[in-house]
Number of protein chains: 2
Amino acid sequence: MSSRASSAPTIIDVAREAGVSIKTVSRVLNREAGVHEQTREQVLAVVAQLKYRPKLSARSLAGARSFLIGLLYYDPSAAFVGGVQKGAAVRCREAGYHLVVESIENEAPDIETQVDRMVAALRPDGMILTPPLCDNPQVLKVLSDSGTPTVLISPGDHDPALLTVRMDDVHAAQEVTQLLIELGHERIGFIRGARDQAASELRYQGFKLAMEAAGLSVDEALVYQGDFTFPSGVAGAHHLLGQKGRPTAVFASNDDMALGVLSAAQRLGLQVPGELSIAGFDDSPAASLVWPPLTTVRQPIEEMARVAVDMLVTPAAGGDEATPGGRVLPHRLVPRDSTAALASRAHRPTAARR
Amino acid sequence: MSSRASSAPTIIDVAREAGVSIKTVSRVLNREAGVHEQTREQVLAVVAQLKYRPKLSARSLAGARSFLIGLLYYDPSAAFVGGVQKGAAVRCREAGYHLVVESIENEAPDIETQVDRMVAALRPDGMILTPPLCDNPQVLKVLSDSGTPTVLISPGDHDPALLTVRMDDVHAAQEVTQLLIELGHERIGFIRGARDQAASELRYQGFKLAMEAAGLSVDEALVYQGDFTFPSGVAGAHHLLGQKGRPTAVFASNDDMALGVLSAAQRLGLQVPGELSIAGFDDSPAASLVWPPLTTVRQPIEEMARVAVDMLVTPAAGGDEATPGGRVLPHRLVPRDSTAALASRAHRPTAARR
DNA sequence: CTGAAAGCGCTTACAG
DNA sequence: CTGAAAGCGCTTACAG
């Protein structure tokens with residue numbers, strides 16, 4: 001079937017044809033300095049003519065690098081993982097690396113074995129972890145024991161020595177809250193995310209900070225504990241909207257829950273945004289597909305993944321002055337039609353309230 | 001940083017400790033027959049004690065297999081690719097393989113170089129292609145020239161010698177159409193998918209077959225050419241619902257477009273499903289998140305990916321009697337609330353019309 | 001600026 | 001049932 005598989009040219013073929021040693025071919029291919037320009041061109045010409053491509057397994061076995069980056073994820077959101085994957089895969093290709101993807105369960109009893117097997121077999125030059133795996137101590141332990149450089153995307157509390165990439169969840173949540181406040185809303189419901197994810201707490205903090213800055217009190221009765229799923233958004237909506245002094249706006253910690261709120265509101269016959277404003281977080285694909293489209297925050301997912309690969313491939317790319325091994329990427333508030341000024345009330349800037 | 005990296009045990013360490021040759025260790029690890037049970041257990045004990053894991057690059061360089069499966073995709077739908085990825089990654093791990101994912105642009109001018117580079121560097125034991133890449137002649141050419149076994153997921157017309165996995169788009173579309181017909185709908189609008197994707201034509205054929213089987217004519221004015229995107233669903237809805245004898249139901253070739261129809265209908269003030277029934281295709285995550293939830297067809301995405309890996313890893317797994325290299329996986333009609341019986345008309349089974 | 005030698009850690013024939 | 005030797009195709013020191 002693959003009769004030509006055996007005829008693939010090796011570095012020896014190239015060296016012979018170019019009249020140089022294999023070491024020189026290696027130098028040219030790895031862009032090492034100190035090769036006569038004429039020699040370089042000659043080698044490159046033969047490489048092109050023979051369509052020579054170095055074999056990764058040989059490079060990996062002989063050298064110190066595997067040219068492999070591992071990405072570990074445990075599903076939750078297809079949109080999030082998909083974005084990370086695309087950003088990472090593209091950057092890997094640009095850098096001459098390849099992305100090996102493994103899906104592992106966060107609660108699997110043999111999770112350490114799974115991770116260890118992957119790392120020991122592949123010897124990746126680096127690993128990228130997404131939530132909630134990036135906060136899993138067992139996984140982190142295995143990786144650190146193996147000496148594999150690791151980048152955490154949007155982690156919670158973590159060893160400050162580790163490389164991280166994230167966005168500013170607190171500030172983003174503040175901005176969303178401020179938007180609602182500026183639209184005249186005072187009774188704003190909040191739906192928290194899953195307890196075991198770091199972003200949940202950060203977004204809640206942002207909400208509280210913005211409320212307090214505007215001189216508004218956070219009514220505990222208007223805070224619901226969700227878990228980032230659509231159904232928990234529905235449940236949260238029923239809880240919040242069933243109150244005596246019900247909120248005129250609801251800020252859900254992610255889009256899936258906001259969609260649940262939207263669905264519940266429509267079933268309850270509430271006009272959105274006329275009678276209820278709704279805001280989410282993530283800017284998931286569905287957020288712009290529903291009606292009315294959701295006001296939300298765009299997470300720089302693909303960019304975070306690109307940066308993660310950069311940190312692994314070009315160690316110099318890691319960190320900035322503030323947090324040595326950490327990078328914080330900019331987000332963007334995305335106002336859409338699910339939020340509007342409070343019906344029949346004047347627009348009241350928050351500054352005037354102090 | 002990784003001081004212990006150099007101390008990773010090799011097959012030689014295991015052989016020495018177990019008092020056997022490296023060949024015997026290799027036999028045990030590869031489950032080759034003909035090893036004394038006692039020897040086998042002794043080797044396994046040492047392997048466990050030393051936490052020995054064979055290095056993939058060495059196995060790959062020395063042997064005929066790389067234990068790598070490549071997955072090539074060009075985004076379109078995050079949900080589809082995400083499902084394929086998960087199914088493939090899980091099955092790979094079970095089989096001791098690893099999944100290398102590459103995202104390439106279907107229209108990139110250097111697409112052949114990109115694919116060739118990946119295949120030549122990795123020497124994967126097999127490749128999996130998703131639409132639209134599985135119908136890209138240039139990509140298929142490079143892979144066939146390299147002798148890399150390839151499985152196409154949901155391809156269009158293809159070389160019958162190639163391995164394929166798909167669902168029955170024609171039949172599934174027939175079922176959706178029948179459901180609408182059984183609900184009493186006669187004027188049914190249809191929105192076609194992207195011209196360059198094979199599934200578009202297949203689903204349209206299914207629609208026509210069901211209409212004809214029920215003795216209903218397909219009104220060309222009620223067929224709109226979409227492109228699988230949300231906006232084209234909105235445009236299709238405006239086109240179809242603006243007609244004199246407008247349809248009482250719309251069947252969109254995928255969920256994204258169906259969501260567009262839903263959005264447009266709600267803006268036009270039409271009750272769904274009271275005044276308009278809507279059906280989609282895919283059972284994307286958003287389909288069950290909107291209100292009303294969408295009637296659709298569940299594609300067996302993860303299963304298709306698992307089977308694809310199986311065909312590559314266990315050659316015997318490929319094909320069934322009907323189509324030698326092809327496997328057709330079962331789908332499932334998912335009736336939800338976006339479709340309902342035609343208002344104020346009796347339920348009329350299609351059989352009675354003939 | 002260039003090269004000869006050794007070696008990475010396994011599997012593949014081949015022997016016994 | 002088991003093993004000694006060769007070799008996969010590169011990179012790494014080390015020389016010159």
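Here is the naming used below: chain letters follow the sequence lines, and residue numbers restart at 1 for every chain. Side chains included, hydrogens not; waters and symmetry mates left out as well; all remaining heavy atoms used.
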Nucleotide nearest [X] when distance is taken to its side chain, options [options]:
X	options	value
A58(B)	dG3(C), dT2(D), dC10(C)	dC10(C)
A62(B)	dC8(D), dG3(C), dT2(D)	dC8(D)
R59(A)	dC10(C), dT11(D), dC14(D)	dT11(D)
Y52(B)	dT12(C), dC1(C), dC10(C)	dC10(C)
H36(A)	dT12(C), dT11(D), dT2(C)	dT2(C)

A quick test of your reading: do over 12 heavy atoms of other residues, nucleotides or ligands sit less than 6.0 Å from CD of Q38(A)? no

With F67(A) via ring-ring contact (aromatic ring centres under 6.0 Å, His included) - residues at least two apart: Y97(A)

Within this structure, what is the [atom1]-to-[atom2] distance between [X] and [N], rounded to whole angstrom?
X	N	atom1	atom2	result
R40(A)	dC1(C)	CZ	P	12 Å
L29(B)	dT11(C)	CG	P	7 Å
E32(B)	dG3(D)	CD	C1'	13 Å
D13(B)	dG9(C)	CG	C1'	11 Å
I12(A)	dA4(C)	CD1	P	12 Å
R31(B)	dT11(C)	CZ	C1'	17 Å

Taking [X] for its side chain and [Y] for its backbone only, find out whether a donor-acceptor pair lies under 3.5 Å.
X	Y	value
R123(B)	A120(B)	yes
N30(B)	E32(B)	no
D135(A)	G156(A)	yes

Look at [X] and [N] and indicate whether a side-chain polar atom (N or O) is within less than 4.0 Å of OP1 or OP2.
X	N	answer
S26(A)	dT11(D)	yes
S21(A)	dG3(C)	yes
T39(A)	dT2(C)	yes

Across the strands shown, which category fits K23(B) at heavy-atom distances under 4.0 angstrom: base, sugar-phosphate, nothing? base

Counting any heavy atom closer than 4.0 Å, what does I22(B) reach on the DNA or RNA strands: base, sugar-phosphate only, or nothing? base

By nearest nucleotide on DNA chain D, pick out whichever of S57(A) and E37(B) is the more 5' one. E37(B)

Would you mind telling me which residue lines up with the more 5' stretch of DNA chain D, R65(A) or L61(A), judged by nearest nucleotide? L61(A)

How far does the P atom of dA13(C) sit from the matching atom of dC1(D), given to the nearest Å? 22 Å

Residue matched to dC14(C) through Watson-Crick or wobble contacts both under 3.5 angstrom: dG3(D)

